[in-house]
Amino acid sequence: MISVYYFGAIALILIGLYAILIKRNLLKILVGLSIMETGVNLLLISIGYVSGKSAPILSEGIGPSQAVDPIPQALVLTAIVIGVATTAMALSVAILIYEKYGTLNVEEIRRLRG
Amino acid sequence: MNELFIIIFAPLVAGVIAWALDIKGIRELLGVAGAAVPLAYLIKLYPTIESDGMVNYTLNFAGFSFEFMLTHLSWVFAMIAGVVGLAAVLGIVSTAKKGYEWLFALMSLTGVYGVFIAYDLLGFFIFWEIMTFGSFMMVLKYNKAASLKYFVLSVIGAYAMLIAISIIYAKVGSFSFIEVYRAFSQDAALATVGSSPLFSRGEIALIFGLFLVAFGVKAGMFPLHVWAPDAYSETNQSYTAMFSGVLSKTGVYGFILIYMLIGYRLLYEFGTIRTVPKFGYIIAFLGGLTIIVGGILAALQEDIRKLFAYSSISQLGYILVGIGVGTALSIEASIYHAISHALFKGLFFLIVATIIYRTGKTEFKDMGGLAEKMPVTFAMAFVAILSLAGIPPMVGFASKWLIFESVISQNMPILGAMVFFGSAVGFVYLIRFTYAVWFGQRPTDLDDTKDAPLPLAIGMGILAVLNVVFGVAPGLVAQELNKIFGREVIGGTIWELNLGFGKYNGLLLTVWFVVGMLIAAIVYFMGAKVRKVPITDTYQSGNPVTMEYNLTIRRNFFLPLKEALSFWLRMSFDRFYKDVGKTVEDFAETMRNYVYNGNVQNYAWYLVIILLILAMWGV
Amino acid sequence: MGEASRISRYLYTVIVLFAIWLFLTASLDPQELGFGLLLSLIVGAFTYEIFTTNGLANLHPKRIAYAIAYIPYFLWAMIMANLDVAYRVLHPKRPINPGIVECRTVLKSDVGKLSLANSITLTPGTITLDVKGDRYFIHWIDVKDDSIEGASKNITEPFEKFLKVIFG
Amino acid sequence: MVVKRALAIITLLVIGYWLAVGLSQVPFGEDKMLIGQYYLNNVKDQTGAVNAVTAVVVNYRGFDTLGEVTVLFIASTGVGALLWKRKRKRTAKTEGSIVLTTGTRLLFPFVMLFGAYIFIHGHLTPGGGFPGGATVATAFLLLYLAYTAYEIPHRGFEVTEGLAGMGYVTVGLIGLAIGGYFLFDWIWQTWQFGTDNIGRLLSGGFIPIIYTIIGIKVGTELSGIIDNMVKEEVSE
Amino acid sequence: MSALTIIGEVLVLLGTFFYFLSALGLIRMPDVYNRMQTSTKSATLGSLGVFVGVGIWALGTDYGSIAWLTKTVVIAVFLLLTNPISAHALIRAAYKSGIPLWEGSVVDKYKEHLEAEAKTEEGGEE
Amino acid sequence: MNEQYAALLIALPLISAFFVPVFKGIGKNAVRYFLLLVTALQTGIAAWVFKEVYTTGQPIIVIAGGWKPPVGINLYIGHFAALFVLIIAVVSLVMAVFSISAVKTEPIDKYAMLFLLLMLGATGMIATGDIFNLFVFMEITAISAYALTAYNKTGEAAEASMKYIILGGIGSSFFLIGVALIYGSLGTLNMAQIAQLAATMNPTVAQVGLALIIFGLAVEAEIFPLNTWAPDAYQAAPHPITVMFSAFVVKAALYAMARLIYLMSDVGSWNSVLRMLIIMATLTVVVAELAALRQKNVKRMISYSSIAQVGLIALAFALGTQAGVDAGVFHMINHAVVKALLFLAVGYVAITIGGAEMENFKGLGKKMPWTAFAISIGAIATVGIPLFNVFWSKVRIILATIDVGYTWAAVLVLSASVVEAVYYFRLLHVIWFEGEGEKINESFVIGLMMLFLAALVVAIGVYPDYVWELARKAGEDIFNVTQYVKNVPLMGVGA
Amino acid sequence: MIGINIYLTLITIATLLSMYRVFRGPTTVDRLVAVDIMTTITTGLMVLFALYYKRMIFLDVALVYAILAFGGVIAFARYLEGGV
Ligand code: NA
Ligand code: NA
């Protein structure tokens, strides 16, 4: 039986992918990409979770044996920032595309082919 | 520096320098030197081979071990390259227009030497590629379609060879001919005693098939010959002397290698038809078809270059038949014919080069009566015609006779008939050449035609002399070839070939021939004076003349034959390959537009589908 | 009311920021205090120009007193608002009578107007839709009087008496 | 289209099942720590930080963070490059109402201060340079949203961004020079500054320094991205 | 269990109840304007309850400190300031993006104002 | 000198990129020459690292922060990385020169920054010894590549970039899931430790994790059908950037793929992953060659050709033998040189004549003989003619492929090579024998660079021993995992 | 923590109801309003978690979250209004 967090993470990943596969609007596809990334981040965080342990900040009476694994959290922080960066890039490219093509429909953005 | 290396690389080095300097005069000098030096070294090394049986050298290079060896066999083939190569290069002195022609002509010569001297499969392959590339670059300039056809078929052949080599290497672990030979012999022995052999039946068949394609392309074997007529005709004709005379012999050499390296194994695996090994029978039969197809098509050509190109194909057929029969005699006969073909076909192409160089014409309809204007060239042509037609005492007779004897001695009537047919059709197209070019009325624009320039004349001279010498003294060649087999396959003396069931005495026949020639000379000089009729007015017997049916020796001479054969002529492998090519291109186009259709959403689907496959596969 | 001097405005900003810092850290550790002051000084330097026009004048005791008095008054109004909401949401008939009305305000300062708008938004059945000069356009869930005077009396005036003093 | 949707759903479900099968062997909520436990046991002594995540982010795996900073820098540069026009201006049509503008004015210093609070306390509390920087950028975002004419001082921001980045690498290089390793925490390990201060502000070696640098960098970068996104080309 | 924790619990309970009411308003009300009427107020008050409740509650525990209360108060004040601003921005956006008022609405002074404004602008141009 | 200074390979491009906005006010040319200076310095450092590694025979382990692996992140600059970092630096240097004349689009300062960071990303991908750090460097590479692809700001450029972003985004997400699975199972991110513990990993997790990681990398490594973004990106990117994509960006992904494959060779499903990869790699070659066949745009044609070669490298890496890996590395080097030459020359034609359409190449032999010559050398080499470098590696790949028994793959690959021969043949014919034109003055500097690359092509072709020796050592570095693990100074944590 | 289940139930119901509005719309502003409510509720949830885990440090997280959410909502609102 897999945990509800894993389940949620996988669900987010699949929802994101679904948007990428089905939505015609470029912005929606990018939202899908972000949702997928969020799912992946949730997955990473969930993997580091240990039942009954607290955030790995060793203050307020929390000792090394009561804290969860700090690594996944550190990784997720990095992954989030990378996701933000990707999204920012993608948005500016989308702006450029809209400027040049006058549409955000992926089926009309295909001058490069073959 | 190693002498074998000098032989192999002297032409290339000379070519590169000649091309880089590109100074007229010097580049010609360098080119001739590049062709002469290997020949000199080959002659110089002969005593060593005579005493030690071989000259060898091993080089560790690029992480591989390359072996080089000059044996009796490779020496003979290298000598073909040396002599005909030099003659052709002399021709190129006159006909080359651009510096790079020197580079690529000589590069292909290096390739040829490498192919003959390399004693391992990889080296063989590398030089094969160099040779192919050089010759391809010689064709490229003249004709896009012709060079493309040549190129594609060559590449296919080369890659076929590469796969075969790789399969062998994967199992044997070495490229060395010696190791490969040993492994296959052992394998045959293993198979004989019933142990499981290294190579399965399928693998051995695959290797043979791949080599057949590889060597067949280069040798112009039917149905892989389609590149040859165009490539031979669409380049510098002096170079074609080398192309047809020498390069095609690498294919022949390759077929001999099949016997040398994997013959036992093939023989064991597939057995024989009567006395001929089955695999050899395939080669022989394809060779026979090559003779016929090449011969007929040669007869139908209107272009002098094309005629000899097809003739080359036809002649190569003889050699393949001999090899295919697979007895010591037949193979020796084949090598003999390889030599003579190189000599007379090299000569022919130099003659063609001279004609084109002097007249600028290539079609029979534009020629005629040139014997008068170009007596030296005509004399050369005379030798060549006799040799090709297999008239004693030229070298061509000796070799054809040997092949015929070797086929008949194995009781193979169909092949015998094919060989005979080839000779017959050879007469047919030679008549055309003889009369349309040299005799008859000369078009007025050819009145100022000069005879061959000196380098070309020297080149032709060398070849013509050898045609005669080896015809008069066939034993010179035969006794050298016997050394390859290490026993007396063809008996006799220098002047005489003795097979036990047949004899040919070159000296004796020469005497007869000289008499015949005197008669011919008389006929010619009388004929040349007597005939003076309009060119369009021959042999119509009073029938109304249409342009189409204006059959002169110079135009559409064999048109009726063409019509009679029209059904067969429609079955063109050339067209078949073109259709295959076009189908591939159309497929490529469709696939490209379908797969890379520009829609990023579809692309995302591809990714997801791969994920799906991973998921389903449970990877 | 004219603009206060730069120093006054800067000091006021720093004081406010430092006070917030104290609330954020709730620590008397000298390291925290020191860095808090330092950061307040730095951030204040960058932001005081847009943060305040009145400067230290905002700290006038009368204003502070009214501000403190305003808190319970406003909270009460807000709780009432929510009970009203609860009634409307939970009532099966959903008793509403919405519309957009216009009010006027006597407040002059921007902050005052902001406070008024926020107060309106958080209290019974009203949300500030737009403010233009002294005109407030308000979405009213239960329109009792759609005249400017009537609406003002109902909506803005109850807050203005405090806000007028606090923000001027 | 229906078929396509159905196919997509089926395909995705299979993939999802596959992922779930893989994940089912990584039991949720169980201790899988190898390196993680080492960090928890040693973080205070080795880095002076209380927040193990921060210690991992900035110190143990500082190399990742340098990369992360770079990624954001690339995005900012890339957005700037792509939306570059010879002349650009804000073309917003309606100004925010007095409610929004005044609210922004009041919030601006507070949000800035809070951003600074976040990145300077990174080694003690959750957060650090990136959330701090994002908070700072939000302050600027609010200004952009409230005022139609507002623009950040680009030149200054770009230079700040560059200098902050150089500062980060320089801190790493000083580590290389002093301690022999790139990104070596020379403040904590060589100078042993703040060893009696664990849990208080002046501890954590170079973490607060780096987080301050990152905070400034991220703040300016995100603001720059916002600036680029909201402006449009105008003819000269 | 101290008095502080009891006060805290009660406040939190009230707060979460208002959260619930807020969300219920989102469902029950007929259009976006009226949804905002119910939701913003309740959510803000709910937050107020939860934050201050937690702050007070923590004071009554062994781990709590005054910092809990000050911090929660800061958050509460922040929300008290920003939530109405959000609501204002949203309702303005709703109106300007052309979402019509509920059909039962009785008056629209803003529309009259905008029309008059447009007229003066036109006049100014002439 | 302390070998930790190899960290400068990362630090220098970074600090230089950050420096650009500080000084860019001086002027556009200052930025251009700064780029030149930095890449030259980087080449110097890379050369020093190369010399160190190849003379001592020991890898340089850069330990970030002084934390020994697996606690900290380490760079592993072994024979492969040392060699390839040098290639990256040299290609970047040459492209910095090319950029001076090839890139006129504004804003040039941003171009310079992205250029440096692309170089940095590839360097990091090749050097890192940590699987998550690999992800970070992969993203650095990818995002700078996205930006640079769109840099020309045409519709096509934006379109290509968008495709790259979407597909690359999916790929990197799944890569990260793979990393998460492996971390969840082993509790470590260090590559050496993963290799050590791979055999103990839960087989299901290992299976899914390995597959996902390879999937993610395969998108960047242009493996069919995950490579659909590549031709567009190659075509639309500024010419120097296309060279960099082909010469080292895709190679970095390929390397990462190979490295991870061999590190995890103890995983149960290893062989089926390899088989899948072999199929995909072979298809990559076949489809790309066919797609190139009738291309009207030469740059796109060569892009497809490049993808095909990449497929060949992937095939070699997927064979699972030392011979395969060696051949793959060898081909990587050769392909880097040849494609750099080709894209440089084609790009130069495009900016001089005004486009890379086939039409523009008519009469090129007369108009720009040196460039035409360079293209010819590149084309001939790519086709795999002896005496040119690619021949040796291609033969090695075929030998290695058939050695493992994948004769069908070799047959397909070689059949595709026939197609490749055809379209290069057509290009050569167009260049030399079609069309007329007046001679155009060719840039001396660019001519020099083309000459340098062409000389390299021929030099390696005529005397491959030295480079082959390098490739062999580098291949050993990838293939010999035991040695790799031994070389990384893992502290006892978690072992 | 007597009432923890009550709080969580109320908050969960509230979140689900808001979620319904997010998906249902019908206008973009409707969704946005619902999101705004959800962020407010989430802020409250974070504060509650701080208490539950006895970690004051989560309060900082809540405030950061509130700030970012506010920025986001305003940005969207201004975008819809056409005022950016
Ligand atoms: Na309200
Ligand atoms: Na809010």
Side-chain angles (χ1 to χ4, degrees), chain D residues 18-19 21-27 32-39 42 46 59-71 73-75 77-84 86 155 158-170 172-173 175-176 179-185 189, chain F residues 2 4-5 7 10-11 14-15 17-22 25 62-67 70-73 106-107 110-111 113-114 117 120 124 128 130 132-133 136-137 139-140 143-144 146-148 150-151 153 158 177 181 183-190 202 204-205 207-209 212 493-494:
Chain D
W18 180 52
L19 294 179
V21 167
L23 276 171
S24 66
Q25 304 300 315
V26 185
K32 299 169 283 270
M33 276 189 267
L34 277 184
I35 321 298
Q37 196 58 55
Y38 177 90
Y39 290 152
N42 298 290
Q46 290 184 342
N59 204 331
Y60 290 117
R61 296 185 65 87
F63 213 60
D64 275 349
T65 305
L66 186 57
E68 183 185 348
V69 169
T70 309
V71 167
F73 179 70
I74 294 170
T77 310
V79 171
L82 298 193
L83 301 180
W84 185 92
R86 203 152 290 285
R155 194 73 195 93
E158 270 186 29
V159 172
T160 311
E161 190 183 340
L163 286 176
M166 289 174 76
Y168 191 173
V169 183
T170 307
L173 288 176
L176 181 58
Y181 297 102
F182 185 53
L183 288 173
F184 182 79
D185 183 357
Q189 302 202 47
Chain F
N2 179 354
Q4 290 296 321
Y5 277 83
I10 303 294
L14 258 184
I15 203 167
F18 291 142
F19 186 53
V20 171
V22 178
V62 174
I63 293 174
W67 304 111
V71 166
I73 294 172
E106 288 295 328
K110 303 258 188 309
Y111 173 81
M113 292 186 249
L114 294 168
L117 295 169
L120 167 91
T128 188
D130 183 282
F132 187 80
N133 195 240
V136 173
F137 276 115
E139 290 297 304
I140 291 179
I143 298 178
S144 21
Y146 303 153
L148 285 167
Y151 181 76
K153 298 188 268 293
I177 301 175
L181 281 170
Y183 180 79
S185 178
L186 293 182
T188 184
L189 295 164
N190 185 279
N202 177 299
T204 315
V205 182
Q207 245 179 34
V208 181
L212 287 177
V493 179

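Heavy-atom basis, side chains included; hydrogens, waters and symmetry copies ignored. The chains referred to below are lettered A, B, ... by the order of the sequence lines, with proteins before strands, and numbering in each begins at 1.
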Answer whether the closest heavy-atom distance between the side chains of D:Leu34 and F:Leu186 falls below 4.5 Å.
no
In Å and rounded to the nearest 0.5 Å, what is the NZ to CG distance from F:Lys110 to D:Leu83?
10.5 Å
Heaviest contributor of heavy-atom pairs below 4.5 Å to chain F, chosen from D:Phe184, D:Tyr39, D:Phe63, D:Tyr168, is D:Phe63
Counting heavy-atom pairs closer than 4.5 Å to chain D, which one of F:Leu189, F:Val20, F:Leu120, F:Leu148 comes out on top?
F:Leu189
Contact between F:Gln4 and D:Phe182 at the side-chain level, heavy atoms closer than 4.5 Å - yes or no?
no
Top of F:Gly66, F:Gly25, F:Ala7 for chain D proximity - count of heavy-atom pairs under 4.5 angstrom
F:Gly66
Of the backbone (N, CA, C, O) and the side chain (C-beta and beyond), which part of D:Tyr60 lies under 4.5 Å from a heavy atom of chain F, both, or neither?
both
Region of D:Gln46 in contact with chain F, defined by heavy-atom distances below 4.5 Å
both
So for F:Phe132, is it side chain, backbone, both, or neither that comes closer than 4.5 Å to the heavy atoms of chain D?
both
May I ask you to name which of D:Gly179, D:Gly165, D:Ala81 has the most heavy-atom pairs under 4.5 Å with chain F?
D:Ala81
Quick check for you: among D:Gly162, D:Gly78, D:Gly172, which has the greatest number of heavy-atom pairs under 4.5 Å with chain F?
D:Gly162
Who are the salt bridge (Lys or Arg N to Asp or Glu O under 4.0 Å) partners of D:Glu68, not counting sequence neighbours?
none
Contacting region of F:Asn190 [heavy-atom separation from chain D under 4.5 Å]:
neither
Ring pair (Phe, Tyr, Trp, His ring centres under 6.0 Å) partners for D:Tyr181, two or more places apart
none
Chain D heavy atoms under 4.5 Å from F:Ala158: which part of the residue, side chain, backbone, both or neither?
neither
Is F:Val136 close to F:Thr128 at the side-chain level, that is, under 4.5 Å between some pair of heavy atoms?
no
Go through D:Asn42, D:Val79, D:Ile74, D:Leu183 and name the one with the most non-hydrogen pairs under 4.5 angstrom from chain F.
D:Ile74
Heavy-atom cut-off 4.5 Å, strictly under: side chain, backbone, both or neither for F:Tyr151 against chain D?
both
Interface moiety of D:Leu176 toward chain F, non-hydrogen atoms closer than 4.5 Å:
both
Among D:Thr70, D:Val159, D:Leu66, D:Leu163, which residue has the highest count of heavy-atom pairs closer than 4.5 Å to chain F?
D:Thr70
Show your working on side chain to side chain contact (heavy atoms under 4.5 Å, CB included) between F:Ile73 and F:Ile63 and close with a plain yes or no.
CA-CA 6 Å; F:Ile73 294 172; F:Ile63 293 174; over 6 Å; no
So which residue, F:Gly124, F:Ala147, F:Ser144, F:Gly72, ends up with the most heavy-atom pairs under 4.5 Å with chain D?
F:Ser144
I'd like to know if the side chain of D:Thr77 reaches the main chain of D:Phe73, judged simply by a donor and an acceptor atom lying under 3.5 Å from each other, with no hydrogens or angles considered.
yes
Partner chain D: residue of F:Ile143, F:Asn202, F:Thr204 with the largest heavy-atom pair count (under 4.5 Å):
F:Asn202
Start with the C-alpha distance between F:Asp130 and D:Arg61, add both sets of side-chain angles, then the distance that settles side chain to side chain contact (heavy atoms under 4.5 Å, CB included), and finish with yes or no.
CA-CA 10 Å; F:Asp130 183 282; D:Arg61 296 185 65 87; 2.6 Å; yes
Check the pair F:Tyr183, D:Ile35 against side chain to side chain contact (heavy atoms under 4.5 Å, CB included), reporting the backbone distance first and the verdict last.
CA-CA 10 Å; F:Tyr183 180 79; D:Ile35 321 298; 5.5 Å; no
So what's closer than 4.5 Å to chain D heavy atoms on F:Asn133: side chain, backbone, both or neither?
both
What are the two closest non-hydrogen atoms of F:Thr188 and F:Pro70, and how far apart are they?
OG1-CB, 3.9 Å
